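Being a predicted model, the structure only gives us computed values, none of them experimental.
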Amino acid sequence: VVSRWVGSEVPNDQVEVLRLKEGQFLMPGFVDTHTHAPQFSFIGLGNDLPLLDWLNCYTFPHESAFKDVATARRLYSAAVDYTIRNGTTCAAYYGTIHFDATLTLVDILRARGQRAFVGKVNMDQNSPDFYIESTEETLAATRRYIEAVEEGRPRGIYPDSPLDIVKPIITPRFAVACTMDCLVGLAEIAQERGLPIQSHLNENRSEVEFVRSLFP
């Protein structure tokens, strides 16, 4: 809906007019600028815990299960459908550290038609042994992920979907989980590829002190 058309002239016979019925109305879609796709399946758990304890008790064990692509496809499908049902037409998503699972999220978003930025999460320190990458691994996987998304690499699941509605975004989880080498490497990738970055600010005093000790 525009007050004045500023594009090229379009013949009337090429314009589809949709007239709203009584009681119908138009509204813009919601834009969610920060959402964790793998966390929809345990929303509301652990509200009694401070952030770092909550991550270790609930989040990291749960997200580690996304190494299984079938699990990722099932839970990501439910998460994306949930956001769309509630009117979200564009979102900035965190995935997990897993390359294949995060590409699966991209596939699902393209199939559903939801615009999105999707980040493969980076974690190379202060993370459990079952959910961590080395600095070299996480930087290399991030480059491969960006190339796969931007090239629209066929994966055989949704071959007829448009490819340009989902974009990669650099996603260091937060300063606690990333070494300086990782952060610098990700910044270089973002600059090289012209990509945005998403992460977290410190959310409580204990985290502020921890980050201060890591980056004096």
ask   = Taking the six-membered ring for Trp, are Y82 and F40 parallel (under 30°), tilted (30 to 60°) or perpendicular (over 60°)?
value = perpendicular
Do L18 and Q24 have side chains that get closer than 4.5 Å, going by heavy atoms?
no
When rounded to the nearest 0.5 Å, the distance separating CD of E147 from OG1 of T142 is 11.0 Å
What one should report as the nearest heavy-atom pair of S77 and I108 is OG-CD1, 3.4 Å
For D181 and L139, the nearest pair of non-hydrogen atoms, with its separation, is O-CD1, 4.4 Å
Over 12 foreign heavy atoms within 6.0 Å of CD, Q191: no
Exercise for the section: Determine, using the 4.5 Å side-chain heavy-atom cutoff (strictly less than), whether L105 and I170 are members of one ILVMFWY cluster. Expected result: yes
Would you say the side-chain atoms of E137 pair up with the backbone N or O of E133, donor to acceptor, closer than 3.5 Å? no
message: Tell me whether V184 shares a hydrophobic cluster with L186, the cluster being built from Ile, Leu, Val, Met, Phe, Trp, Tyr side chains joined at under 4.5 Å.
response: no
T35 meets the side chain to side chain donor-acceptor pair (under 3.5 Å) criterion, sequence neighbours left out, with none
*Using atom types as modelled and distance alone, determine if a side-chain donor or acceptor of Q114 lies under 3.5 Å from a backbone N or O of A91.*
no
Nearest heavy-atom approach of Q198 to I169 is NE2-CG2, 3.5 Å
In this structure, OG1 of T104 is separated from CG of L109 (nearest 0.5 Å) by 11.0 Å
The reported gap from CD in E207 to CG in L201 (rounded to nearest 0.5 angstrom) is 9.0 Å
All heavy atoms of G95 vs all of V121, minimum pair found to be O-CG2, 3.4 Å
Sorted by chain and residue number, the side chain to side chain donor-acceptor pair (under 3.5 Å) partners of R143 (sequence neighbours excluded) come out as E192
Sorted by chain and number, sequence neighbours left out, salt bridge (Lys or Arg N to Asp or Glu O under 4.0 Å) with D68 holds for none
Problem set entry | Heavy-atom side-chain proximity of Q39 to T59 below 4.5 angstrom | yes
Flag the pair V80 / Y93 as yes when at least one side-chain heavy-atom distance between them is below 4.5 Å, and no otherwise. yes
Item to complete: Check whether any side-chain heavy atom of V211 lies under 4.5 Å from a side-chain heavy atom of F174, and answer yes or no.
Response: no
(request) Assess whether side-chain contact (heavy atoms from CB on, under 4.5 Å) is satisfied between L75 and F66, documenting all intermediate values. (result) CA-CA 9 Å; L75 296 179; F66 283 69; 3.6 Å; yes
Point to revise | N204 versus S206, side-chain donor and acceptor atoms under 3.5 Å | key: yes
To the nearest 0.5 Å, atom CZ of F25 lies from atom CG of L20 at 10.0 Å
Closest heavy-atom pair, I132 versus Q125, reported as atoms and distance to 0.1 Å, is CD1-N, 3.8 Å
* Asked: With the 4.5 Å side-chain cut-off for hydrophobic clustering, are V69 and F130 part of the same group?
  -> no
ask   = Is the backbone N or O of D48 less than 3.5 Å from a side-chain atom of W54, with the two atoms forming a donor-acceptor pair by type?
value = no
Distance col, row T96:OG1 vs K67:NZ, nearest 0.5 angstrom, shows 10.0 Å
(Q) Take a 6.0 Å sphere around CZ of F117 and say whether it holds more than 12 heavy atoms from other residues, nucleotides or ligands. (A) no
(Q) Atom CD1 of residue position I43 - does it have more than 12 heavy atoms of other residues, nucleotides or ligands inside 6.0 Å? (A) yes
(message) Please verify the inter-ring angle class for H34 with Y94; under 30° counts as parallel, over 60° as perpendicular, anything in between as tilted.
(response) tilted
F210/N202 under side-chain contact (heavy atoms from CB on, under 4.5 Å): CA gap, chis, key distance, verdict: CA-CA 10 Å; F210 195 4; N202 298 329; over 6 Å; no
Distance flag, aromatic centroids of Y131 and H98, threshold under 6.0 Å:
yes
M123 and F60, any side-chain heavy atoms less than 4.5 Å apart
yes
Discussion item. Is a donor from one side chain sitting under 3.5 angstrom from an acceptor on the other, for T83 and D32?
Written reply: no
- Item | Single-linkage hydrophobic cluster, 4.5 Å side-chain cutoff, I97 and V176 together | yes
Q: Given salt bridge (charged side-chain N to carboxylate O under 4.0 Å, His left out), test E209 with R212 step by step and report yes or no.
A: CA-CA 5 Å; E209 293 304 318; R212 184 176 287 126; 2.7 Å; yes
One should read off an interatomic distance between I146 CD1 and I189 CD1, to the nearest 0.5 angstrom, of 5.5 Å
Checklist line | Check: V31 and R115 side chains under 4.5 Å, non-hydrogen atoms | finding: no
Does any N or O in the side chain of Q14 come within less than 3.5 Å of the main-chain N or O of P11, such that one atom is a donor and the other an acceptor? no
Hey, do the aromatic rings of H36 and H62 have their centres closer than 6.0 Å?
no
Notebook entry, point to check: With the 4.5 Å side-chain cut-off for hydrophobic clustering, are F30 and I165 part of the same group?
Noted result: no
- prompt: Please walk me through it: do L51 and H200 pass side-chain contact (heavy atoms from CB on, under 4.5 Å)?
  reply: CA-CA 12 Å; L51 174 67; H200 296 86; over 6 Å; no
Note to self: I want to check something: taking the side chain as every heavy atom from C-beta on, are F215 and L183 in contact at a cut-off of under 4.5 Å?
What the structure shows: yes
Exercise. Assess whether atom CG of D13 is packed by more than 12 heavy atoms of other residues, nucleotides or ligands within 6.0 Å.
Key: yes
- Message: Applying side-chain contact (heavy atoms from CB on, under 4.5 Å) to R173 and L55, what does each step give before you reach the verdict?
- Response: CA-CA 11 Å; R173 185 174 205 115; L55 289 171; 4.2 Å; yes
Scanning both residues in full, the closest heavy-atom pair of D124 with C178 reads OD1-CA, 3.1 Å
Checklist entry - Would a 4.5 Å heavy-atom cut-off, applied to side chains only, mark R110 and V149 as touching? => result yes
